[in-house]
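Okay, so here's the structure we're looking at.
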Amino acid sequence: MSDRVDAYGLEDGEQWVGVVVELTSQGDEPIYLTFNDETFRLPDGVVASDLASAQEAIRLDTGTNLGEVQPGLRYQVALLWRTAVLADPPPELTLSMTRTIYREWSIEAGYYTWRATEDAYEVALPLVEPPEIILEDEEDL
Amino acid sequence: MTRARWAVATMAVAALGVGGLANVVDDRYLASGWHTTVHGVEGEDVVGGTFQVHVHGATAAQALADDEPVPSAGWYVVVDLSYATTDEWSTPEEVVLVDRDGREFTHPGGFGSTGAPWLAGPDIWFRGTLLFEVPEDALESLSLVVRGERPRPILPGTVARVPLTVTTTTEPLVVERGSLLPRRER
């Protein structure tokens, strides 16, 4: 939890709630998280946005936006959501992960979208300090 | 069997053959973008579709030069190249690296337009560097593929492909923006 993350979009009373994940593209082509990605979810009511997907994804090695995930590379990434209800954050939070697959459109060959499957996993994550690299410098605040 | 029956049987086999061939064409080309690949080599011009490309070389390192070196999840690859178009001013829609397993690597993102493709004109050449990020096991088998237009399911297209000799270095890599070349220079 932090309001010091180096990313835009917080409104009054909001903070960023983040989850650190390791990502690898095992396919042949770069992939990217989209605004309607169904892979990662926080519990209902936590996210202060119409979109349930993460609003930001920041690499922990470079501190830059994740961009396209290149095949075969392993990334440490902070997924970030805006929240207004975790002023007093709980000691742990449950992250849901749904297996998604890249499905070709039935109406047009060559076009794909990520779609959720029935496989889902939940993991309880303890509250920890945010990684320093995603925070704004103190003097910039 | 009489000659007429043979003729009918042959026509039936031919019809099956044509039908089968049409399916093969469908499967191999229409669904994946029917495109022609023009193969080039480093140090020479190659024309693929509406782009003329000249690859000078490629270098890989585990960091990019900045105020503080920027680390990689694998290796950064910088490709030094020049290109121009054959007709009108344009930026290639897609430039990727491809390895021997067919894996494709794009501009890593998060660096703005640094190391991304630039605009070039008809026989008006610009030279700069393109930035990629790849795993170590891809370094030995990379080719640059320039898609002036991204292959589409129905439209035919032409792409240029140039195998790269990648030199590794311990020095952080520097990315150069595309800049105009004097006439006839590459």
Side-chain angles (χ1 to χ4, degrees), chain A residues 5-8 18 20-35 37 54-80 102-113 131-137 139-140, chain B residues 26-35 62-77 94-116 131-139 141-142 145 147 150-155 157 172:
Chain A
V5 175
D6 193 7
Y8 295 105
V20 173
V21 298
E22 196 171 278
L23 291 177
T24 304
S25 165
Q26 299 183 54
D28 290 341
E29 294 183 12
I31 56 175
Y32 52 93
L33 297 171
T34 61
F35 289 118
D37 195 289
Q55 281 114 50
E56 296 282 350
I58 301 179
R59 288 174 62 161
L60 298 192
D61 55 349
T62 61
T64 58
N65 284 325
L66 175 61
E68 295 195 328
V69 176
Q70 309 296 327
L73 287 179
R74 184 170 293 182
Y75 302 84
Q76 301 277 337
V77 177
L79 301 175
L80 299 170
Y102 212 33
R103 281 190 197 279
E104 191 168 15
W105 291 8
S106 56
I107 55 169
E108 185 140 20
Y111 289 84
Y112 295 81
T113 308
E132 195 62 35
I133 193 164
I134 70 169
L135 300 181
E136 286 179 296
D137 292 336
E139 60 263 32
D140 292 342
Chain B
D26 252 14
D27 290 347
R28 292 201 186 153
Y29 297 104
L30 296 183
S32 59
W34 187 347
H35 67 269
Q62 290 180 295
L64 274 187
D66 202 350
D67 296 342
E68 292 282 321
V70 181
S72 171
W75 289 75
Y76 291 114
V77 177
E94 206 168 65
V95 185
V96 300
L97 294 183
V98 181
D99 76 355
R100 72 164 74 83
D101 296 326
R103 294 185 298 181
E104 290 195 3
F105 306 95
T106 52
H107 183 262
F111 301 97
S113 61
T114 303
L131 175 64
F132 301 91
E133 194 175 15
V134 307
E136 184 162 319
D137 62 359
L139 279 178
S141 64
L142 291 172
V145 175
R147 298 169 179 149
R150 201 172 283 124
R152 290 172 172 75
I154 301 169
L155 291 176

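Letters A, B, ... are given to chains in the order of the sequence lines, protein chains preceding strands, and every chain is numbered from 1. Just so it is clear, the values below take in all heavy atoms, side chains as well, and ignore hydrogens, waters and symmetry mates.
Most heavy-atom pairs under 4.5 Å with chain B: of the set A:G63, A:G67, A:P30, A:G27, this distinction falls to A:P30. In terms of non-hydrogen atom pairs under 4.5 Å with chain A, the most contact-rich of B:A73, B:G109, B:P108, B:G102 is B:A73.
Closest of all the heavy-atom pairs between A:G72 and B:P135 is O-CB, 3.8 Å. Considering every non-hydrogen atom in both B:P71 and A:D61, the closest pair reads CG-O, 3.2 Å.
Rounding to the nearest 0.5 Å gives a distance of 8.5 Å between CG of A:L73 and CZ of B:R103. Taken to the nearest 0.5 Å, the CZ atom of B:F105 stands 12.5 Å off from the CD atom of A:E68. We find the CZ-OG distance between A:R59 and B:S72 to be 6.0 Å, quoted to the nearest 0.5 Å.
For chain B, no part of A:I58 is nearby; none of its heavy atoms comes within less than 4.5 Å. Within the 4.5 angstrom heavy-atom criterion, only backbone atoms of B:V134 (N, CA, C, O) approach chain A.
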Under the side-chain contact (heavy atoms from CB on, under 4.5 Å) rule, what do A:D28 and B:E104 come out as? Steps first, then yes or no, please.
CA-CA 6 Å; A:D28 290 341; B:E104 290 195 3; over 6 Å; no

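Partners of B:R100 according to the side chain to side chain donor-acceptor pair (under 3.5 Å) rule, which considers only residues two or more places apart in sequence or in another chain, do not exist here.
Annotation: A:E22, atom CD; neighbour count of heavy atoms from other residues, nucleotides and ligands within 6.0 Å is above 12.
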